[in-house]
Participant: 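Here's a structure for you.
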Amino acid sequence: MLLIFLLAIPLIAQDAPDPYAETGSSNTKTTIEPIVISNKEINVLSGGLAETGSNFKTTVLNYMFQWIESEAPGPYLMKWQLESSTEENYEAVARILGANINGTLSCNGKSIPFKSNEKDWSQIALGTISLKEGINTLELEINTAEKFKLSALELTAPSLAAKTDDEALKLRQTADWFKDAGYGLMFQWTNRATPEKGDTIKAWEDKVNDFDVEEFVDLVEDSGAAYVIWSITWGQQYISAPITSLDKVLKGRTTKRDLLGEMADLLYAKGIKLIFYYHYGYDCYHSIDSTWMEASGGYKADKTEFYGNLKNIVAEVGNRYGKKLNGWFFDGAQRYYDTHFDGSFGGISTANFKEIGKAAKTNNDQRIISYNSWILPMVTEYQDYYAGEGLKQFTGLDDGVFPEGNYKGLQAHSCFTLEKRWGHIDKNTTIASPKHSLDDLIGRIKHAQENRYPLSINLEMYEDGSVSPESRALLRKVGKAIRVK
């Protein structure tokens, strides 16, 4: 893959990312299993699968392995057992954070020294290692007086690395409509949406049938938003449309009414673009959908079956809405990148982003795609724009695109909560007042327009599809200030 270095583009006035609840064990592994290596894929060696000493801590956030980090004085040694069916050379890349690092990568009698001085997450090219047929021991030693974190190592055959980069860059979309949108609205309205008052949540079919899509589109048009990012799932796998590929895996999660289709039709008629946010239903700090995960193969160590089900759903949705669906926002990118985020051994080590992208662009190859990698570097070149979780402002872009750094080549973008949370999932709670003033929003949008990147303003939405009157009035003023000439 292309070398991705520390993001050098200045980021100013950034909101802190939403907190990810710490879950799971902080124990390091003392015994490890061999990881099967293939020259036909990118091999992700999760830091969570390394044999480490007692001077490490394993950080698990949101039921997901994130990184191993130094906890006591070094030196620090990490080991992976690798099983290869052939003799092969592999380019090694580390996803690492840490200053004043002197390191050595060793395998089969060859040692590669390297230095790193990165105060933010980066992907560092370490060099080329050689694997023999059979079992190999790969060792990474780090010496530093500073704290450091390691997410994973990547091993990729040189020929595959070059081919992957070439294919991904040819598929990359540069959508002027997105560059020049200024701003759009984002919503997390799903089966979990709650009313302002009361403890009862409607059945999924009833909730979807009662949704006033015309009123929703009026809200969007009234705000002046150029596009909508709509969550077709969030935390749990329920989709407001008759999607047969989901029904085949698990009944009762779709609806007879095609609310997504009605929304797509009305927005398209108004010239408003539509992007679908997709959360595949993994366990997270605010929701667990074990029934779906069991049925889909999501709890298996080998995620091949699971990603097959995911691709089928995404492809059917894409085929159903064609040119009226303009993009995808895939959340939880670390779970796609490192399939062993759950500490399991065996099977594929990373998702096939090329195949997922192909499915996502079914019936419209102009769709733009993003994988939300939170504070970590981007997980694949097979995407088009930066997810940008948390309010950010960018300068030094190249026509709206990052010219260097962790997100090099991606269209810049930022999404943020206008009120308190991404979605209204708390019972008997009134949506909070907006955190941003009219002048603040106008200033940020104008800055974004000047630098050719969009802002996605996330609104909480009650079960009945309504939003905060205060937020709606604010966005109406934003629309008049930005769109009226």
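For the numbers below, each heavy atom of this structure counts, side chains included, while hydrogens, waters and symmetry mates do not.
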Participant: Checking Lys311 against Phe306: charged group under 6.0 Å from the ring centre and within 45 degrees of the axis?
Facilitator: no
Participant: With distance as the sole criterion, is a donor-acceptor pair present between the side chains of Gln237 and Tyr282 under 3.5 Å?
Facilitator: no
Participant: Determine, using ring centers only, whether Trp234 and Trp189 are less than 6.0 Å apart.
Facilitator: no
Participant: Below 4.0 angstrom, N of the basic side chain to O of the carboxylate: do Asp222 and Lys480 qualify?
Facilitator: no
Participant: With respect to Phe187, which candidate in Tyr277, Phe276, Trp422, Phe216 satisfies the ring-ring contact (aromatic ring centres under 6.0 Å, His included) definition?
Facilitator: Phe216
Participant: Do Glu205 and Arg257 sit within salt-bridge range, that is, some charged N less than 4.0 Å from a carboxylate O?
Facilitator: no
Participant: Hey, which of Ile96, Leu97, Ile124 is the one that makes side chain to side chain contact (heavy atoms under 4.5 Å, CB included) with Glu118?
Facilitator: Ile124
Participant: Give the intermediate values and the outcome of salt bridge (charged side-chain N to carboxylate O under 4.0 Å, His left out) for residues Lys420 and Glu460.
Facilitator: CA-CA 8 Å; Lys420 184 179 181 180; Glu460 291 187 44; over 6 Å; no
Participant: So, do Leu185 and Leu475 sit near enough that their side-chain heavy atoms are less than 4.5 Å apart?
Facilitator: yes
Participant: Does the side chain of Leu274 reach to within under 4.5 Å of the side chain of Tyr321, using non-hydrogen atoms?
Facilitator: no
Participant: I'd like to know if Arg253 pairs up with Asp247 as an ion pair, taking the criterion as any Lys NZ or Arg NE/NH1/NH2 lying under 4.0 Å from an Asp or Glu carboxylate oxygen.
Facilitator: no
Participant: Is it true that Asp176 and Arg452 make a salt bridge, defined as a side-chain N closer than 4.0 Å to a carboxylate O?
Facilitator: yes
Participant: Using a strict threshold of under 4.0 Å (side-chain N to carboxylate O), is an ion pair present between Lys202 and Asp464?
Facilitator: no
Participant: Kindly determine whether Tyr371 and Phe329 satisfy ring-ring contact (aromatic ring centres under 6.0 Å, His included), including the steps that lead there.
Facilitator: CA-CA 6 Å; Tyr371 293 90; Phe329 182 118; 9.7 Å; no
Participant: Measure centre to centre between the rings of Phe330 and His279, then say whether the value is under 6.0 Å.
Facilitator: no
Participant: Before we go on, tell me: are the rings of Tyr453 and Tyr385 under 6.0 Å apart, centre to centre?
Facilitator: no
Participant: Between His340 and Ser46, which heavy-atom pair has the shortest distance, and what is it?
Facilitator: O-OG, 4.3 Å
Participant: Any chance the rings of Phe394 and His447 have centres within less than 6.0 Å?
Facilitator: no
